[in-house]
Amino acid sequence: MKNILVTGGAGFIGVNFIKMLLNTTDDVKIINYDALTYAGNLESLEDCIKNPRYVFVHGDIQDKSLLAQTIQNHNIEGIINFAAESHVDRSISDPDIFVKTNVLGTLNLLQNAVKFNIKRFLQVSTDEVYGSLGNDGKFTENTNLSPNSPYSASKASADHFVRAYNHTFKLDTVTTRCSNNYGPYQFPEKMIPLCINNILANKNLPVYGDGLQVRDWLFVKDHCTAIWEVFNHGKTGEVYNIGGCNEKTNLELVKTLLRILKRPESLITFVKDRPGHDRRYSIDNTKIMSQLNWKPSVTFEEGIELTVKWYLDNKNWLESVTSGHYQKYYSEMYVNR
Ligand code: NAD
Ligand code: DAU
């Protein structure tokens with residue numbers, strides 16, 4: 001497939017995905033369709049602008065006519081939907097936009113995909129749709145959906161619509177459910193870049209609750225190769241879990257960052273927990289590894305060093321995204337927490 005609509009391509013994972021595709025293919029054209037919310041940043045894609053295989057369209061996935069026009073104008077054959085409101089904490093304070101973008105926006109994409117005979121639709125979903133684990137076990141593709149936050153409820157709802165469009169309209173769909181990503185270009189509302197940014201500013205690191213919640217960390221570039229593999233070789237109608245096999249407690253994670261940046265553990269501050277905080281995520285990777293021959297290429301130790309180095313080398317990017325609205329967000333979320 002040559003002409004692919006990548007929605008949300010100005011966000012963290014989308015940026016990494018577009019760069020990977022432009023660097024590793026020579027016949028794929030990418031139409032990046034993004035509303036440029038607080039999380040979207042075209043500065044991250046400056047090196048792509050001159051590439052004739054890259055086009056940017058400023059648009060909302062809820063916009064029916066612009067979406068239809070974009071699909072027609074660019075002879076779109078495939079859609080990869082990254083566009084979403086993606087931060088759990090924001091979904092607790094302001095859930096409406098999560099339903100609008102993640103549910104209604106996805107539905108609009110599916111309707112247009114059917115209308116214009118799109119050959120394949122990939123929904124980028126999350127392991128959070130499965131809910132939370134105890135000390136043992138892993139999420140498989142057969143685990144029941146039990147979303148706990150407004151964010152994960154909206155993503156699970158979108159997953160159901162994708163499934164329904166495959167079943168009812170015979171749209172060729174695949175869905176990926178990935179664990180926590182980290183790496184270059186991640187907005188510093190998420191744990192790892194937030195902590196790196198705070199360490200660089202000599203500020204405390206806010207750890208929710210007891211800090212013993214577990215996340216399964218995956219380097220973003222490995223997520224991107226997995227998505228491309230599923231897009232090209234996944235079986236229609238199926239779901240593929242993607243995980244890094246790197247379970248860490250949040251406390252282990254912040255201590256690692258402090259060690260790499262040579263700062264004292266006294267910067268760790270325990271703050272009020274996130275309401276409904278999921279305790280543990282862990283992905284069973286067996287299906288994607290055995291059926292599509294994908295595996296993570298970067299260890300956690302390599303990935304976290306690369307990530308810290310990227311933020312140190314790109315302080316201008318960090319300064320640019322943490323000015324303005326970010327300051328207001330940070331003080332509302334953390335001051336007096
Ligand atoms: P992000 O918040 O960094 O980027 C989201 C992008 O979507 C931004 O560029 C934003 O401008 C765009 N967008 C938001 N609303 C839009 C709308 N209505 N129309 C068009 N564009 C819109 O998110 P991310 O971390 O890059 O996540 C990308 C996808 O991957 C999301 O669907 C998320 O649920 C999923 N995911 C993320 C992770 C993770 O750890 N970050 C893990 C698993 C799955
Ligand atoms: O599992 C995949 C999901 O991972 C994605 O679907 C989401 O889009 C992505 O945001 C991420 O969700 P989390 O809620 O796990 O990520 P976050 O970076 O917000 O938090 C990681 C862990 O760190 C979580 O247990 C909450 C904790 N945390 C987070 C922040 C921002 C803190 O202790 N302090 C903080 O300030």
Side-chain angles (χ1 to χ4, degrees), residues 6-17 32-42 44-45 57-63 66-67 80-92 97-98 100-102 104-106 108-109 123-130 132 139 147 149 151-152 154-155 158 176-183 185-195 198 204-218 220 223 227 242-244 248-251 253-254 268-274 277-283 321 330 333-334 337:
V6 171
T7 69
F12 163 49
I13 305 172
V15 162
N16 282 282
F17 183 76
N32 174 13
Y33 184 99
D34 196 298
L36 298 181
T37 67
Y38 76 93
N41 186 355
L42 288 182
S44 309
L45 289 161
V57 177
H58 186 189
D60 192 312
I61 56 170
Q62 296 170 79
D63 185 333
L66 181 61
L67 190 60
I80 303 183
N81 182 28
F82 289 94
E85 288 294 331
S86 68
H87 193 39
V88 174
D89 292 321
R90 288 185 196 252
S91 82
I92 295 166
I97 185 72
F98 285 73
K100 288 179 184 151
T101 288
N102 300 1
L104 298 178
T106 302
N108 189 33
L109 284 166
Q123 173 71 358
V124 181
S125 186
T126 168
D127 61 355
E128 297 200 12
V129 297
Y130 296 123
S132 183
F139 297 131
S149 70
Y151 162 70
S152 55
S154 69
K155 293 293 288 185
T176 55
R177 295 192 181 131
C178 188
S179 60
N180 286 62
N181 283 216
Y182 68 102
Y185 300 104
Q186 189 170 29
F187 190 75
E189 65 188 348
K190 307 283 166 40
M191 185 60 164
I192 289 181
L194 183 142
C195 287
N198 280 15
N204 288 335
L205 309 188
V207 172
Y208 296 166
D210 61 8
L212 298 180
Q213 305 83 5
V214 172
R215 295 294 182 264
D216 179 355
W217 293 96
L218 179 72
V220 63
H223 186 191
I227 287 173
I242 308 168
K248 307 278 171 212
T249 66
N250 293 335
L251 260 184
L253 182 68
V254 293
I268 295 172
T269 310
F270 292 94
V271 299
K272 194 167 149 241
D273 208 351
R274 171 187 281 175
H277 198 170
D278 284 339
R279 195 66 179 170
R280 175 171 165 261
Y281 303 145
S282 177
I283 286 266
V321 299
Y330 192 88
M333 190 63 77
Y334 294 100
R337 184 170 183 134

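Indexing begins at 1, ligand by ligand and atom by atom, following the structure's order. Since this is a predicted model, take the numbers as computed values, not measurements.
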A.B. asks: Tell me every residue that passes side chain to side chain contact (heavy atoms under 4.5 Å, CB included) with His277, counting only those two or more places apart in sequence or in another chain.
C.D. replies: Tyr208, Gln213, Arg215, Asn250, Asp273, Arg274
A.B. asks: Side chain or backbone, does Tyr281 bring an N or O within less than 3.5 Å of an N or O on ligand 2?
C.D. replies: no
A.B. asks: I want to check something: taking the side chain as every heavy atom from C-beta on, are Tyr33 and Leu66 in contact at a cut-off of under 4.5 Å?
C.D. replies: yes
A.B. asks: Check each of Pro193, Ser179, Ser86, Cys178 against atom 9 (C) of ligand 2 and report the one with the nearest heavy atom.
C.D. replies: Ser86
A.B. asks: Which residue is it: Val6, Ile242, Asn81, Thr176? I am looking for the one with a side-chain contact (heavy atoms from CB on, under 4.5 Å) to Val124.
C.D. replies: Thr176
A.B. asks: Suppose we measure from atom 1 (O) of ligand 2 to each protein heavy atom; which comes out shortest, and what is that distance?
C.D. replies: Asp127 OD1, 2.6 Å
A.B. asks: So for ligand 2, is Leu194 a polar contact partner (N or O within less than 3.5 Å, distance only)?
C.D. replies: no
A.B. asks: Please name the pair of heavy atoms, one in Ser154 and one in Asn102, separated by the smallest distance, quoted to 0.1 Å.
C.D. replies: OG-ND2, 3.0 Å
A.B. asks: What part of Asn250 sits under 4.0 Å from ligand 2 if we count only heavy atoms: the side chain, the backbone, both or neither?
C.D. replies: side chain
A.B. asks: Is the shortest N/O to N/O distance between Trp217 and ligand 2 below 3.5 Å?
C.D. replies: no
A.B. asks: If you count the atoms of ligand 2 from 1 in the order shown, which ones are under 4.0 Å from a heavy atom of Val207?
C.D. replies: 33 (O)
A.B. asks: Is there a polar contact between ligand 2 and Gln213, counting only N or O atoms under 3.5 Å apart?
C.D. replies: no
A.B. asks: My understanding is that we take every heavy atom of each candidate and find the minimum distance to atom 17 (P) of ligand 2. Doing that for Glu128, Glu85, Glu189, Arg274, which one comes out nearest?
C.D. replies: Arg274
A.B. asks: Just which atoms of ligand 2 are under 4.0 Å from any heavy atom in Thr126?
C.D. replies: 1 (O), 2 (C), 3 (C), 5 (C), 6 (O)
A.B. asks: Could you walk me through whether Lys155 and Ser86 pass the side chain to side chain donor-acceptor pair (under 3.5 Å) check?
C.D. replies: CA-CA 9 Å; Lys155 293 293 288 185; Ser86 68; over 6 Å; no
A.B. asks: Do me a favour and list the nearest non-hydrogen protein atom to atom 18 (O) of ligand 2 with residue, atom name and distance?
C.D. replies: Met191 N, 2.8 Å
A.B. asks: Between Arg90 and Glu85 (salt bridge meaning N to carboxylate O under 4.0 Å), is one present in this structure?
C.D. replies: no
A.B. asks: Return yes when Lys155 approaches ligand 2 closer than 4.0 angstrom through a heavy atom, no otherwise.
C.D. replies: no
A.B. asks: Does Phe17 form a ring pair (Phe, Tyr, Trp, His ring centres under 6.0 Å) with Phe82? I'd like the steps, not just the answer.
C.D. replies: CA-CA 10 Å; Phe17 183 76; Phe82 289 94; 5.2 Å; yes
A.B. asks: At what distance is the nearest protein heavy atom to atom 11 (C) of ligand 2, and which residue and atom is it?
C.D. replies: Asn180 ND2, 3.4 Å
A.B. asks: For Leu104, give me all partners under side chain to side chain contact (heavy atoms under 4.5 Å, CB included), at least two apart in sequence or on another chain.
C.D. replies: none
A.B. asks: Given side chain to side chain contact (heavy atoms under 4.5 Å, CB included), test Cys178 with Leu218 step by step and report yes or no.
C.D. replies: CA-CA 8 Å; Cys178 188; Leu218 179 72; 3.5 Å; yes
A.B. asks: Using heavy-atom distances, let me know which of Tyr208, Tyr330, Phe12, Tyr151 sits nearest atom 35 (C) of ligand 2.
C.D. replies: Tyr208
A.B. asks: Of all the atoms in ligand 2, which lie at a distance below 4.0 Å from a heavy atom belonging to His87?
C.D. replies: 19 (O)
A.B. asks: Could you go step by step and tell me if Tyr330 and Asn198 meet the side chain to side chain donor-acceptor pair (under 3.5 Å) rule?
C.D. replies: CA-CA 11 Å; Tyr330 192 88; Asn198 280 15; 2.8 Å; yes
A.B. asks: Considering Gly209, Gly211, Pro206, Gly11 one by one, which has a heavy atom nearer to atom 34 (N) of ligand 2 than any of the others?
C.D. replies: Pro206
A.B. asks: What is the distance from atom OG1 of Thr7 to atom CD1 of Ile61, rounded to the nearest 0.5 Å?
C.D. replies: 5.5 Å
A.B. asks: Look up atom NZ in Lys248 and atom CG in Leu253, then write down how far apart they are to the nearest 0.5 Å.
C.D. replies: 9.0 Å
A.B. asks: With a 4.5 Å limit on heavy-atom distance, are the side chains of Arg177 and Thr126 in contact?
C.D. replies: no
A.B. asks: Which atoms of ligand 2 are found less than 4.0 Å from any heavy atom of Val88?
C.D. replies: 14 (O)
A.B. asks: Identify the heavy atoms of Glu128 and Tyr151 that sit nearest to each other, and give their distance.
C.D. replies: OE1-CD2, 3.5 Å
A.B. asks: Run through ligand 1 for me and note each protein residue having a heavy atom under 4.0 Å from it, chain first, then residue number.
C.D. replies: Gly8, Ala10, Gly11, Phe12, Ile13, Asp34, Ala35, Leu36, Thr37, Ala39, Gly40, Gly59, Asp60, Ile61, Phe82, Ala83, Ala84, Ser86, Thr101, Val124, Ser125, Thr126, Tyr151, Lys155, Cys178, Ser179, Asn180, Asn181
A.B. asks: Could you check atom 36 (O) of ligand 2 against the protein and tell me its nearest heavy-atom contact, residue, atom and distance included?
C.D. replies: Tyr334 OH, 2.7 Å
A.B. asks: The criterion is side chain to side chain donor-acceptor pair (under 3.5 Å); which residues satisfy it with Tyr182, sequence neighbours excluded?
C.D. replies: none
A.B. asks: Which residue and atom name correspond to the protein heavy atom nearest atom 25 (O) of ligand 2, and how close is it?
C.D. replies: His277 NE2, 2.7 Å
